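Comments concern the structure below.
This one's a predicted model, so the numbers in the text were calculated from it and none came from an experiment. Note: hydrogens, waters and symmetry copies are ignored here, and every other heavy atom, side chains too, is used. Letters A, B, ... are given to chains in the order of the sequence lines, protein chains preceding strands, and every chain is numbered from 1.
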Number of protein chains: 2
Amino acid sequence: MNQSQTASNVTAPTQFLQIGEQRYAYRRFGSGSAHPLLLLQHFTGTLDNWDPAVTDSLASSREVILFDNAGVGRSTGQVPVTIAGMANHAFAFLDHLGVTTGDVLGFSLGGMIAQQMAQDRPSIFRRMILVGTAPRGGEDIMHLEKPTLAGHLADPSLRGYAVLQKLFFAPSESSQAAGAAFVQRLSQRKEDRDPVSGPEVAAAQVAAFRDWERFGGERFAELRRIRQPTLVVNGIHDEMIPIPNSYRLSQHLPNAVLMTYPDSGHGSLFQFHESFVRQANAFLASDSAWAPY
Amino acid sequence: MNQSQTASNVTAPTQFLQIGEQRYAYRRFGSGSAHPLLLLQHFTGTLDNWDPAVTDSLASSREVILFDNAGVGRSTGQVPVTIAGMANHAFAFLDHLGVTTGDVLGFSLGGMIAQQMAQDRPSIFRRMILVGTAPRGGEDIMHLEKPTLAGHLADPSLRGYAVLQKLFFAPSESSQAAGAAFVQRLSQRKEDRDPVSGPEVAAAQVAAFRDWERFGGERFAELRRIRQPTLVVNGIHDEMIPIPNSYRLSQHLPNAVLMTYPDSGHGSLFQFHESFVRQANAFLASDSAWAPY
């Protein structure tokens, strides 16, 4: 296959990186002169939860690197029960891949890992995109027992990606239609797929969310140390990690632009994928010391 | 002068529109195939408070129309004490100018007038940009008696535009430097200038702000009737009309994108004028029924 055929999350082969006992599954595709873009995935998400409408457009001007953290998809090991533990796996992966600095798109859980990494090693990221996520000490992070979420999770008629359409999109007709299109795009990949995450992955990641809600000392103070230009994005009706968390990020990060989308929930980047990729590309193309682009 | 020389708020001649006893001062410049863009000005602001870095770049692909509402600058009449009264003057002005539909950039007080106009006559605007403003029923709107504002207003060393540098920009060194550049740009126009607004203009406009803070029935419900694609913009440290007002706008308008800027206050559009104009141009260039661009 030539580069244009493989520069898609529908067809890119899954690769494996072995470090001692630990194996990481990943996909790496796209090209361009810009820095590689690391994509850090949401709660229970695998390589197959990245919408090709987003990944493939981003890959048209840079390499994108999709990554299964430990214990997720075909990566071995235990799922860490803290964000810091997940950040350590991401560092090990990037170090052995030889990536010393890049950009990052962290979605949901992945956005928390990205923040942790930027604090632990500021040189790792040049620019950051944080979508549908929360700062440490954020509020109402992935409380799956809430009626607005629990109903969908318990609905036996919703299996596989169908539950994502309910959880990631707003109840409006227009948002649900976008959700159906999203599910269809995810279903395009037929071979070389990751196994679906089981309850033990979910349990460990929920433990990490609960830990992330705790804070000591001045709330949000650690965000001041993240100096990278950052683009914060969320859907205004996000029920999984509600919008006040994005407000707090953009208020306490010293160098962040916030963009919110109407009529959308947690998966706003998939609902408005054309706009999101246009904005992300413009943001990443900037070399300014300031986030506005 | 040719078009390129006059397509600037530094040099565009002030024009006058007479309707019976009422005379309106305005400037109209720029060209392009897009809809004209009406600019509605902030508290006590005149035609000479529009930053040429913003107006001239916007005018490169459309006509922009700057307008002194009644009693402001060289427009005759009494300054209305309600936003609805100001909206009526803007309608009269546009009607006699023959503009039946256009886009609007409403800044601060001007953003309230734009919302009122969109509710009174939905066909008047195609797309709306609301910067540093608040919905009816908003909170902490232009309370000049607050210590953060009153100190600058009472400082005898701050005259003319110098007080704007303090009020419109954040206290950081970078924001104040942007404020100084803004003041310098406003000072480029040497002739055909508006008189500075006096205390009677301020008093009437403050009365309009106090009225705008009041609401009856369900708070923010009337925003649901504004269906235009809308771009809401604000500086994260705005002390004059604080950021929660922009959050409320983007949460209750059914079709709005919110963009917030770091390190900036009420005048974020002037501080990050290159980014603002780029975003505004992209937003206005879209023909989508949805705001995301």
Is it the side chain or the backbone of A:Pro254 that comes within 4.5 Å of chain B heavy atoms, both, or neither?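 Contact with chain B involves the backbone of A:Pro254 alone.
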
Where does A:Leu253 contact chain B at under 4.5 Å (heavy atoms): side chain, backbone, both or neither?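 When you check distances to chain B, no heavy atom of A:Leu253 falls under 4.5 Å.
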
For a 4.5 angstrom cut-off between non-hydrogen side-chain atoms, does A:Pro262 reach B:Ser250?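 Counting from C-beta outward, A:Pro262 and B:Ser250 never come under 4.5 Å.
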
With heavy-atom distances below 4.5 Å as the criterion, would you say the side chains of B:Leu258 and A:Leu258 are in contact? yes

Look at atom CD of B:Glu145 and say whether more than 12 heavy atoms of other residues, nucleotides or ligands are closer to it than 6.0 Å.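 Yes, CD of B:Glu145 has more than 12 neighbouring heavy atoms, counting only those of other groups under 6.0 Å.
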
If you count the non-hydrogen atoms of other residues, nucleotides and ligands that lie under 6.0 Å from CZ in A:Arg219, is the total more than 12?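 Yes - once you tally the heavy atoms of other residues, nucleotides and ligands closer than 6.0 Å, there are more than 12.
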
In Å and rounded to the nearest 0.5 Å, what is the CZ to CH2 distance from A:Phe272 to B:Trp290? 5.5 Å

Locate the shortest heavy-atom distance separating [X] from [Y]; write the atom from each residue and the value.
X: A:Gln279; Y: B:Gln279; answer: OE1-OE1, 3.4 Å
X: A:Arg248; Y: B:Tyr247; answer: NH2-CE1, 4.5 Å
X: B:Tyr293; Y: A:Met259; answer: OH-CE, 3.6 Å

Could you tell me which of B:Ser174, B:Ala256, B:Ser288, B:Ala282 has the largest number of non-hydrogen atom pairs under 4.5 Å with chain A?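 Among B:Ser174, B:Ala256, B:Ser288, B:Ala282, the one with the most close pairs to chain A is B:Ala256.
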
Given a strict heavy-atom distance threshold of 4.5 Å, which part of B:Glu274 is in contact with chain A: side chain, backbone, both, or neither?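 Neither the backbone nor the side chain of B:Glu274 comes within 4.5 Å of chain A.
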
